[in-house]
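Shown next, in structure tokens, is the structure this report addresses.
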2 protein chains.
Amino acid sequence: MAELTLAVDAMGGDTGLAVTVPAVAQLLKRHATVRIQMVGQPEPLAAALKEARLDSHARVSIVPAAEVVQMDDPVSVALRNKKNSSMRIAINQLREGNAQAVVSAGNTGALMAVSRFVLKTLPGIERPAICTAIPTRTGHCHMLDLGANVDAEAEHLLQFALMGSAVVRALDGNETPRVALLNIGEEDIKGNDLIKQAATLLQEHPQLNYCGFIEGNGIFAGEADVVVCDGFVGNVALKTMEGTATMIGHMLRAEIASSWLKRLSGLLALPVLQGLKRRMDPERYNGASLLGLNGIVVKSHGGAGVPGFLAALQVALQEAERNVPALIGATLAADAGGDIPTA
Amino acid sequence: MAELTLAVDAMGGDTGLAVTVPAVAQLLKRHATVRIQMVGQPEPLAAALKEARLDSHARVSIVPAAEVVQMDDPVSVALRNKKNSSMRIAINQLREGNAQAVVSAGNTGALMAVSRFVLKTLPGIERPAICTAIPTRTGHCHMLDLGANVDAEAEHLLQFALMGSAVVRALDGNETPRVALLNIGEEDIKGNDLIKQAATLLQEHPQLNYCGFIEGNGIFAGEADVVVCDGFVGNVALKTMEGTATMIGHMLRAEIASSWLKRLSGLLALPVLQGLKRRMDPERYNGASLLGLNGIVVKSHGGAGVPGFLAALQVALQEAERNVPALIGATLAADAGGDIPTA
């Protein structure tokens, strides 16, 4: 395996260095060859690296960046007024070939806009999409778009399906990923015009293993490896999952607190409850890919802790090892080539 | 309180009489004056009522209906070919003033189409909507539309907001329900064109207590009493909630089964786990209202058990006691009246 370098936006997210530095320390221990460029404000960054005993690590370097994109900065500010932000400079490193992937916990809108501006999209891709793994009963699926596009057309959903399939081939070694469209019923007559048009495109596409519609509860049933939807619906679904899981956690705590007997019973059940917590832990599935760009950009949840940021770093590393953008590019090139005989 | 009659589609749902008859028996015990019309195929219905010792109950009558709308019947079949279905005849009873509300566990598309055809919509309502209570950390909220409309316009979302507010006023006694629009971010600039236009309409409406955007995870936080969305997004969100809760249940069982220690620990935790199950029980929140019609129609989940169907009957009874369609009508009339001076 070639030596790979990740450019890390060391300052991004709700907690910045307190999370990014310890996560990088763990990644370096797990992966013997990976190199890390920590991009950020030199003084606090150097201090944090020193504290973590990474200041003289052979595979860690500092790339200075004077500014930080704040979580509430408007996209326009990140794009036009903060050209020396840690986010922007990390992405520049990628464009210049100094790194093979970028990881940032900075604000999603800014990360998408700056990535798109600096890296541009792959040929044939009109809209990049946000994609992440979602746990299912049988393992996981990949779902996209999760919010990059609020007004997708059928042709975009087809591109999402192709990109999602390429990711599953690369990361899960599944050569014929089952692709489903998220809809409000499984029957062919259900859904809005967008979904019906997209269903025809996906059905007819020779490179896709399209398996039909899936409903919101079907996402978790393991019926599909790639779940395609527009960014508005995908974002609502993703956040509804988070909200439901959080509320069930609240209910469980309220139930345990409701009587002395239940407090005791809850104490005795600690191994089970801790096991459940580990299984449900959103940090395990942290790391959303911005697909369709000329380069690998992985977004960590702004509030992710060290295990979560580590998971995002690993997603980036895995995508770099398999060169996901090249796979997506090849898929689309085959697609364009395949169209000629039928035209 | 006036004597109220519910027309029950006795044959609808996955299990029909096995659920509807016992649920009605429980309702009759709880409510000393409510009358029930059981609409269905006379022979099996009479047998089921006899078995439940309801065959000579003073407040139960049989309304014969030769046919049953099957769960997989296309809407067109229910509407055109099954004019003697239990669903249709129950709705006819409502139109003719023989009942004040209908409850059916039959298929949603058919129930909406037949209700709309027979009852018509209230003046000023272009699209009926499906609305249900959703549990939150602090109680519950009402969410609509959950799938009646897949291509709503901003004006329809405004009507949903007005209808949802009327329901919350009637059922929860909350005179100024907080109304939120489901969106993919809380900032004003987020969302698609539909949401932005709807936000302006809701903001400017004198009868609404509009409190801004809410995200998928915010539904459960108790930040709003009415959550408004189009039917596609609402249906995906609702089913994603169900799917997430089901998957967490699976994870819990898998965790308990994973070792002898955990099986023992799970056994000791039984009071807590059963309490959690009760809190999470979807049957408690069963009963979705088809709002915007000239009459009260409540849809029970097709797979609901006796407690669930009972909950749906109680939603119908409560809406009949408060005369929700009249309240919605008055809201819209005030709305139309209010428009004249500003025109």
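Quick caveat: nothing in here was measured; it's all calculated off a predicted structure. Chain letters run A, B, ... following the sequence lines, proteins first, then strands; residues in each count from 1.
- Contact count versus chain A (heavy atoms, under 4.5 Å) is highest, among B:Asp72, B:Asp193, B:Asn192, for B:Asn192.
- In this structure, no portion of A:Leu194 lies under 4.5 Å from any heavy atom of chain B.
- Close approach to chain A, defined as a heavy atom under 4.5 Å from one of its heavy atoms, is seen in B:Met241, B:Glu242, B:Gly243, B:Thr244, B:Ala245, B:Thr246, B:Met247, B:Ile248, B:His250, B:Met251, B:Leu252, B:Ala254, B:Glu255, B:Ile256 of residues 241-256 of chain B, taken by number.
- Note that NE2 of B:His142 and OG of B:Ser289 are 6.5 Å apart. Values are rounded to the nearest 0.5 Å.
- A donor-acceptor pair shorter than 3.5 Å can be found between the side chains of A:Asp172 and A:His140.
- In this structure the side chain of B:Phe220 reaches within 4.5 angstrom of the side chain of A:Thr240, judged on heavy atoms.
- Put simply, of A:Ile219, A:Leu182, A:Asp151, the one with the most heavy-atom pairs under 4.5 Å next to chain B is A:Leu182.
- No side-chain heavy atom of A:Ile214 sits less than 4.5 Å from a side-chain heavy atom of A:Leu181.
- In this structure, B:Ile195 CD1 and B:Asp230 CG are separated by 7.0 Å, a value rounded to the nearest 0.5 Å.
- The distance from atom NZ of B:Lys299 to atom OG1 of B:Thr108, rounded to the nearest 0.5 Å, is 4.0 Å.
- When the options B:Ile134, B:Val168, B:Asp225 are evaluated for a side chain to side chain contact (heavy atoms under 4.5 Å, CB included) with B:Cys141, the one that passes is B:Ile134.
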